[in-house]
Amino acid sequence: MSITLSNAAFTFVGAGSMAEAIVRGLTSLKDGNPERITMLNRQDAARLHDLQQRYGIRYAVEAEARNLAIAQADVVIVAFKPKDAIEGLKALSPQLKRNQLLVSVIAGLSAATIEDILGRSDQPIARTMPNTSSSIGLGATGIAFTAAVSADQRELASAMFASTGIAAVVEEARLDIVTGVSGSGPAYIYYMMEAMIEGGIRGGLTPEAARQLTVQTVLGAAKMVELTGEEPAELRRKVTSPNGTTQAALETLDRFDFAAGVTQAVLRAAERAGELGQAISAQAANR
Ligand SMILES: NC(=O)C1=CN([C@@H]2O[C@H](COP(=O)(O)OP(=O)(O)OC[C@H]3O[C@@H](n4cnc5c(N)ncnc54)[C@H](O)[C@@H]3O)[C@@H](O)[C@H]2O)C=CC1
Ligand SMILES: O=C(O)[C@@H]1CCC=N1
């Protein structure tokens, strides 16, 4: 029997925001199977209990139950912070079986460094960069596979992330820029929304009205780009009447180097992903 989304067993190691976003996406599927999802976390049983209450997943706290959850998984997802990667992967290494798919969501951490820490190069690894919108089925994930990943496992990993939004298979070298665009991207949009809401409030709107109008504006703008197929620049031109309000607003944004700032932010996030990966790789080499 081939492994599919509804019959595969998933074990998450690390139960923070990103793991929760994926689990929320997976468990809201029509054929989502929370009973086949087990979550492990470091030193926080209350957090795991809360996740169980909300999503119906299983969790394990004691060493024996944790080991069993890993042994029984088809897919083991590592979802801890880069700073915990060496310790976490080292602990996992003796427990992982060669046929289990290891999915990493850790920013910057290369498959080669994961192999180095695991101490072998034949573990099937899917290195991914999802984002938190996975929790509402609108995530955007980049995925890269190592050579050891079977066709079935590729399909399963792609289906897993596609079920939480869209999933694009990319070369591993492109994952850091995926991080800059869509991994960190939601934060740039939230930052802009915070600023728009603040402007609305300063102009006299109630916080509720400013929030509601901002949310709908961002939703509408994203949907316009998606549904019309027009370029954002063209849609922007259609909003901008000569000498009108939008022109005045955009000129103000230009005075603050808004566009350059956002482009630099995307590139800097990608660069930072590379730095995080390098730091782990150097640390792993010095062990
Ligand atoms: N938050 C986001 O928007 C995104 C995060 N990521 C990546 O996801 C990873 C996790 O990020 P967050 O969920 O934001 O972090 P978080 O801090 O919310 O969650 C990490 C969890 O892992 C646990 N943990 C650490 N070491 C562990 C171990 N050895 N065994 C079991 N649990 C362990 C921690 O106690 C914590 O609960 C990071 O590597 C990050 O680069 C990727 C895409 C987007
Ligand atoms: O800020 C971070 O490092 C993680 C990776 C992408 C989004 N959050």
Side-chain angles (χ1 to χ4, degrees), residues 10-25 38-52 57 59-63 65-67 69-70 73 76-96 102-111 113-114 117-118 125-136 138-144 160-161 164-168 170 174-191 265-281:
F10 299 92
T11 294
F12 286 78
V13 186
S17 338
M18 196 58 240
E20 179 175 356
I22 299 170
V23 163
R24 187 169 162 194
T38 307
M39 301 187 80
L40 317 179
N41 201 35
R42 205 172 50 182
Q43 299 162 345
D44 195 353
R47 161 82 178 152
L48 291 170
H49 182 72
D50 177 53
L51 289 166
Q52 182 191 49
I57 52 93
Y59 69 86
V61 176
E62 303 304 334
R66 290 165 62 102
N67 292 347
I70 290 167
V76 175
I77 302 103
V78 284
F80 30 77
K81 293 279 191 200
K83 69 174 174 54
D84 296 317
I86 295 184
E87 188 196 317
L89 286 167
K90 254 175 70 181
L92 200 57
S93 177
Q95 296 172 291
L96 277 181
L102 180 67
V103 172
S104 166
V105 303
I106 301 170
L109 179 62
S110 69
T113 304
I114 296 176
I117 301 169
L118 293 178
I125 300 171
R127 183 181 158 196
T128 71
M129 180 42 57
N131 67 19
T132 48
S133 308
S134 302
S135 68
I136 54 162
L138 291 174
T141 303
I143 313 182
M160 172 182 169
F161 286 98
T164 65
I166 62 156
V170 297
R174 302 278 89 80
L175 275 180
D176 288 350
I177 192 65
V178 170
T179 309
V181 173
S182 53
S184 296
Y188 323 151
I189 309 296
Y190 300 139
Y191 202 19
V266 169
L267 295 171
R268 176 63 192 128
E271 186 180 54
R272 181 67 190 140
E275 290 169 3
L276 290 169
Q278 288 294 328
I280 304 172
S281 155

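Along the sequence shown, residues are numbered consecutively beginning with 1. Atoms within a ligand are numbered from 1 in the order they appear, just like the ligands themselves.
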Side-chain donor-acceptor pairs of residues 180-190 under 3.5 Å, sequence neighbours excluded:
| from | atom 1 | to | atom 2 | distance (Å) |
| --- | --- | --- | --- | --- |
| S182 | OG | V178 | O | 3.2 |
| Y188 | OH | G180 | O | 2.5 |

State, to 0.1 Å, how close [X] and [Y] come at their nearest heavy-atom pair, and which atoms those are.
X	Y	answer
N41	A15	OD1-N, 2.9 Å
T38	A69	CG2-CB, 3.7 Å
G139	N131	CA-OD1, 3.3 Å
L175	A144	CD1-CB, 3.9 Å
V61	A45	CG2-CB, 4.1 Å

To atom 16 (P) of ligand 1, the nearest of A15, G16, G14 on a heavy-atom basis is G16

Nearest non-hydrogen contact with atom 8 (O) of ligand 1 belongs to which option: V105, N131, I86? V105

Identify the closest protein heavy atom to [atom]: which residue and atom is it, and at what distance?
atom	value
atom 43 (C) of ligand 1	P130 O, 3.2 Å
atom 28 (C) of ligand 1	F80 CD2, 3.9 Å
atom 32 (N) of ligand 1	R42 N, 3.1 Å
atom 2 (C) of ligand 1	T132 CG2, 3.8 Å
atom 4 (C) of ligand 1	M18 SD, 3.6 Å

Do [X] and [Y] come close enough that some side-chain heavy atom pair is under 4.5 Å?
X	Y	value
E20	S135	no
R24	I136	yes
V23	L51	no
L40	L48	no

Record the part of S17 in heavy-atom contact with ligand 1 below 4.0 Å; permitted values are side chain, backbone, both and neither. both

So which bit of M129 gets within less than 4.0 Å of ligand 1, heavy atoms only: side chain, backbone, both or neither? side chain

For ligand 1, which atoms have a heavy atom of [X] less than 4.0 angstrom away?
X	value
V13	30 (N), 31 (C)
N41	21 (C), 22 (O), 23 (C), 31 (C), 32 (N), 34 (C), 35 (O), 36 (C), 37 (O)
G88	29 (N)
A107	39 (O), 41 (O)

Look at K90 together with E87 and state whether they make a salt bridge at an N to O cut-off of under 4.0 Å. no

Do protein heavy atoms approach atom 6 (C) of ligand 2 to less than 4.0 Å? yes

Strictly inside 4.0 angstrom of atom 2 (C) of ligand 2, do you find any protein heavy atom? no

Sub-4.0 Å heavy-atom contact, A79 with ligand 1: yes

Does K81 reach ligand 1, in the sense of a heavy atom lying below 4.0 Å from it? yes

If we number the atoms of ligand 2 from 1 as shown, the ones under 4.0 Å from a heavy atom of G183 are 6 (C), 7 (C)

